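As the structure is a prediction and not an experimental result, all values here were calculated from the model. Order of the sequence lines fixes the chain letters, A, B, ..., with proteins taken first and strands second; residue numbering starts at 1 for each chain.
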Amino acid sequence: MATSVETKLANSNLSASVRKTFLSAEREFSLDVAFVAAPGFTILFGASGSGKTTLLDCVAGLTTPNAGRIAVGERVLFDAETHENIPVAKRRVGYVLQDLALFPHLTVVRNTEYGLAHLPRATRKERAAAMLHEFRIDHMRQQRPAEISGGERQRVALARALVTDPCVLLLDEPLAALDGATKAKIIDDLRHWNEAHRIPILYVTHNREEVLALGERVLVMEQGRIIAQGTPHEVLSAPLQETVAQLAGFENIFDAAVWLVHEDRGTITCRLSADKPGQFVLLETPLIRAEMGSRVRIGIRAGDILLAVVKPEGLSARNVIAGQIISVERRDMIVSARVDCGITMEVHLTLAARDALHLAAGRDVWLVIKTHSCHLMRGSSSQFPVLGSQ
Amino acid sequence: MSIDWQSFRLTIELALVVSAILFAVGLPLGWWIAFSRWRWKFFVEALVALPIVLPPTVLGFYVLVALGSQSPLGRWWQSLTGHTLAFTFSGLVIGSILYSLPFAVQPFAASFSSVDRKLLAASATLGASPLRTFFRVVVPLSVPGLVTGVVLAFAHTMGEFGVVLMIGGNIPGVTRTASISIYDQVQASNYASANAMALLLLIFCFAVLTVVYALNRRTPNQKLWTIDPAK
């Protein structure tokens with residue numbers, strides 16, 4: 001019994017290797033990826049224009065790859081070598097497009113029933129009703145898409161795709177336009193559905209919270225390639241690529257060179273070129289396997305930096321740097337301070353901290369940065385493995 | 001003063017038959033023009049638009065030649081029915097279809113291609129064939145364009161003169177349409193009858209267009225169909 005369940009699971013993996021080149025007057029874009037997505041959420045994470053939507057279009061059959069193979073378990077959807085290319089309508093791929101594409105002239109219930117045309121009327125009604133109930137939209141069944149809210153439309157789009165019992169689900173930034181609370185509720189419903197059905201779900205987003213909330217596995221895409229993959233925690237908390245770092249919210253990214261390696265105390269000292277020529281800033285960072293003098297890149301989250309108005313002593317943090325505030329700016333409920341300490345550092349504080357310390361432009365301050373708040377990453381040219389665990 | 005009711009009825013009959021056929025022909029042709037990626041499509045588009053700029057007498061002349069007993073089409077029709085197509089109601093219908101074709105097909109194609117392509121993609125991923133997508137998504141969202149096309153084809157056929165004169169002649173009850181009747185009355189200096197007939201045509205056409213545009217003014221409902229991004 002157990003083996004049959006395992007076989008079933010193993011057989012429902014989405015495996016795709018896709019190569020697709022677009023030539024247009026403005027740019028040449030090529031997508032070249034290969035991956036296997038097991039049942040459950042696989043997040044496609046990357047900046048816009050990195051090829052995420054193109055990849056989904058290829059899996060759905062809306063775009064034909066130049067080469068490659070796409071299969072769900074044993075079922076081949078596309079194979080360039082054997083010229084197999086199952087038409088979109090026969091792929092059984094659920095696809096929630098970026099702007100939902102609900103049929104504006106059909107009511108919620110008609111939208112939901114749309115993909116069930118092959119079933120007898122009674123079955124169709126029953127399945128649509130169950131799905132509307134599951135996604136908590138049965139009270140608006142007779143309304144048209146324009147008459148309901150954004151979050152409700154999102155639920156209708158999900159229900160419409162899921163009711164067809166697809167073998168793969170593609171979600172293109174499905175929650176991008178929603179507020180936090182609505183988003184959280186829909187994510188809950190999606191998780192429940194996933195637990196019950198277990199099919200591969202490709203979920204496109206560039207929102208960090210969604211990655212952490214949903215992701216079992218993350219594929220990071222850049223310029224049509226997969227540049228990193230792993231669990232959300234692995235990919236987001238210790239990013240080795242600068243793209244990931246920017247997406248993961250590192251406000252401070254600096255070029256640096258390895259200055260001293262302290263193998264005995266598990267750190268290295270990096271030298272950052274200062275804004276003024278001839279000057280530099282030293283930062284102690286976690287140990288990596290790197291030659292002295294090699295180029296690295298350091299990312300520091302603005303929220304990980306402490307500000308002090310007197311020189312702090314007796315701290316475990318290895319980096320205490322003197323600087324002067326250039327500007328203090330309020331953004332919603334946080335305060336963003338720019339501090340000149342040879343290099344310009346962005347620091348995030350609370351309103352309360354700003355007022356208690358009377359922080360303003362021109363004020364002399366001390367920056368406190370823990371060694372492990374300095375994330376070393378791979379630039380475009382240099383590569384090195386991280387030593388030990390993070 | 002007398003109104004030539006016979007020619008008036010004949011004109012309406014002709015316009016109804018022609019717009020019905022153009023509706024049926026315009027759906028697939030409009031679909032093809034809107035969605036085909038054939039590289040020579042522009043050639044077909046130019047051909048369809050030709051009657052807009054071509055003098056009716058030129059079109060009428062070639063249709064007359066094509067329908068006549070010298071042409072293969074004319075001979076085939078003659079062997080089938082025993083008489084030629086020229087100077088018959090059927091010949092008139094064929095000529096009018098060609099003449100009014102762009103007035104139906106162009107609004108059809110324009111409204112088909114303005115349907116959001118993402119809806120077509122969504123329909124396909126939900127298992128719908130292209131034909132089902134066409135009738136369940138494209139056509140319902142193109143209703144205003146379809147109405148406009150049929151009305152224009154109808155109105156254009158109501159008022160045609162040159163093509164009818166060339167291929168139909170002036171046979172009462174068979175090919176004499178309202179506009180030809182008016183021309184006859186004017187030629188015979190019978191201005192009162194010409195005026196009565198012209199006024200009738202004017203009022204009828206205006207009434208038809210008013211009713212159609214009033215019915216098509218379902219903009220509140222149409223607005224419902226477009227999604228307000230702010231909501």
Checklist entry - Where do B:Ser100 and B:Ala153 come nearest, in terms of heavy atoms and distance? => result OG-O, 3.9 Å
Checklist entry - Step by step, would you call B:Leu14 with B:Leu10 a side-chain contact (heavy atoms from CB on, under 4.5 Å)? => result CA-CA 6 Å; B:Leu14 179 69; B:Leu10 184 84; 5.6 Å; no
Next on the checklist: At under 4.5 Å between heavy atoms, what parts of residues 111-123 of chain B are in contact with chain A? List them by residue number.
Outcome noted: B:Lys118, B:Leu119, B:Ala121, B:Ala122, B:Ser123
Next on the checklist: If you define the side chain from C-beta out and look only at heavy atoms, does anything of A:Gln154 sit under 4.5 Å from A:Ser149?
Outcome noted: no
Checklist entry - Please walk me through it: do A:Asp172 and A:Tyr203 pass side-chain hydrogen bond (donor to acceptor under 3.5 Å, both in side chains)? => result CA-CA 6 Å; A:Asp172 196 353; A:Tyr203 188 105; over 6 Å; no
Item to check | Short N-O contact, A:Asp189 and A:Arg155, less than 4.0 angstrom | outcome: yes
Item to check | Any B:Leu131 side-chain heavy atom under 4.5 Å of B:Trp31 side chain | outcome: yes
Item to check | Near-ring test B:Phe154/B:Phe103, centroid separation under 6.0 angstrom | outcome: no
Checklist entry - Is any residue of residues 107-124 of chain A within less than 4.5 Å of chain B by heavy atoms, and which ones? => result A:Tyr114, A:Gly115, A:Ala117
Checklist entry - Is the backbone of B:Leu152 close enough, under 3.5 Å, to the side chain of B:His156 for a donor and an acceptor to pair up by distance? => result no
Next on the checklist: Looking at A:Phe22, I'd like to know if the NZ or CZ of A:Lys20 sits under 6.0 Å from its six-membered ring centre while staying within 45 degrees of the ring's axis.
Outcome noted: yes
Checklist entry - By a 4.5 Å heavy-atom criterion (distance strictly below it), what part of A:Arg160 contacts chain B: side chain, backbone, both, or neither? => result both
Next on the checklist: Show, in sequence, the C-alpha distance, side-chain angles and deciding distance for B:Phe134 and B:Phe35, and conclude whether the ring pair (Phe, Tyr, Trp, His ring centres under 6.0 Å) test is met.
Outcome noted: CA-CA 11 Å; B:Phe134 182 65; B:Phe35 298 115; 7.6 Å; no
Checklist outcome for this item: Counting heavy-atom pairs under 4.5 angstrom with chain B, the leader among A:Leu97, A:Asp57, A:Val163 is A:Leu97
